[in-house]
Amino acid sequence: MNQVSLSKSKAWSAEEFRATSMQVALLKRIWVFPWSQFLYAEGTNNEVRAAFSTHDVVVKGSGLSALIEDLAAQKVSSIREPARADAFVVGASGPQIREVSVNKAQES
């Protein structure tokens with residue numbers, strides 16, 4: 001599989017073609033979500049939410065419009081939460097992730 005890094009800090013990775021699942025690596029826990037349970041993604045350049053049937057993945061940062069595009073194509077294979085010191089790098093170019101959270105989806 002050919003992985004393409006979208007930022008120098010490798011905050012997320014995207015496959016050339018559709019991935020089978022997305023790994024979310026938080027500082028203290030790792031989640032794997034199959035794309036077959038993906039519902040939708042929404043957001044802005046500063047915050048993106050990917051909704052799966054059981055959980056929501058929320059990514060905060062800057063320059064995240066490229067992440068929305070990769071989520072829409074289901075090409076994202078991994079998202080990594082940055083270490084605390086890396087979350088506030090000043091002067092870095094390209095997309096930056098400051099925070100990643102995984103929350104149980106709310107039932108209606």
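Because the structure is predicted, anything quoted here is derived from the model rather than measured.
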Restricting to pairs with a member in residues 58-68, which pass salt bridge (Lys or Arg N to Asp or Glu O under 4.0 Å), not counting sequence neighbours?
none
Please identify each residue that fulfils side-chain contact (heavy atoms from CB on, under 4.5 Å) with [X], with sequence neighbours left out.
X	result
Ser65	Asn45
Leu39	Ala51
Ala25	Ile30, Arg80
Ser62	Asn46, Gln96

Please identify each residue that fulfils salt bridge (charged side-chain N to carboxylate O under 4.0 Å, His left out) with Glu42, with sequence neighbours left out.
Arg49
First locate atom CG of Leu71, then atom CG of Leu64, and finally report the distance between them rounded to the nearest 0.5 Å.
9.5 Å
For residues [X] and [Y], determine if any side-chain heavy atom of one lies less than 4.5 Å from a side-chain heavy atom of the other.
X	Y	result
Asp56	Gln106	no
Glu47	Val58	yes
Met22	Ile79	yes

According to a 4.5 Å side-chain heavy-atom criterion applied to Ile, Leu, Val, Met, Phe, Trp and Tyr, with indirect links allowed, do Leu26 and Ile97 form part of one hydrophobic cluster?
yes
So if you build clusters from Ile, Leu, Val, Met, Phe, Trp, Tyr with side-chain heavy-atom gaps below 4.5 Å, do Trp12 and Val102 land together?
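As far as the 4.5 Å side-chain criterion goes, Val102 and Trp12 are connected within one cluster.
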For the residue pair Phe33 and His55, does the interplanar ring angle fall in the parallel (under 30°), tilted (30 to 60°) or perpendicular (over 60°) class?
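Judged by the thresholds at 30° and 60°, the geometry between Phe33 and His55 is tilted.
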Nearest heavy-atom contact between Pro95 and Gly63 is CB-O, 3.3 Å
For the student: nearest non-hydrogen atoms of Pro82 and Leu27, plus distance
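Closest approach of Pro82 to Leu27: O-CD2, 3.8 Å.
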So which pairs with a foot in residues 28-38 pass side chain to side chain donor-acceptor pair (under 3.5 Å), sequence neighbours left out?
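For residues 28-38: Gln37-Ser53.
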For Gln74, side chain to side chain donor-acceptor pair (under 3.5 Å) partners two or more places apart
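Result, side chain to side chain donor-acceptor pair (under 3.5 Å) vs Gln74: Arg18.
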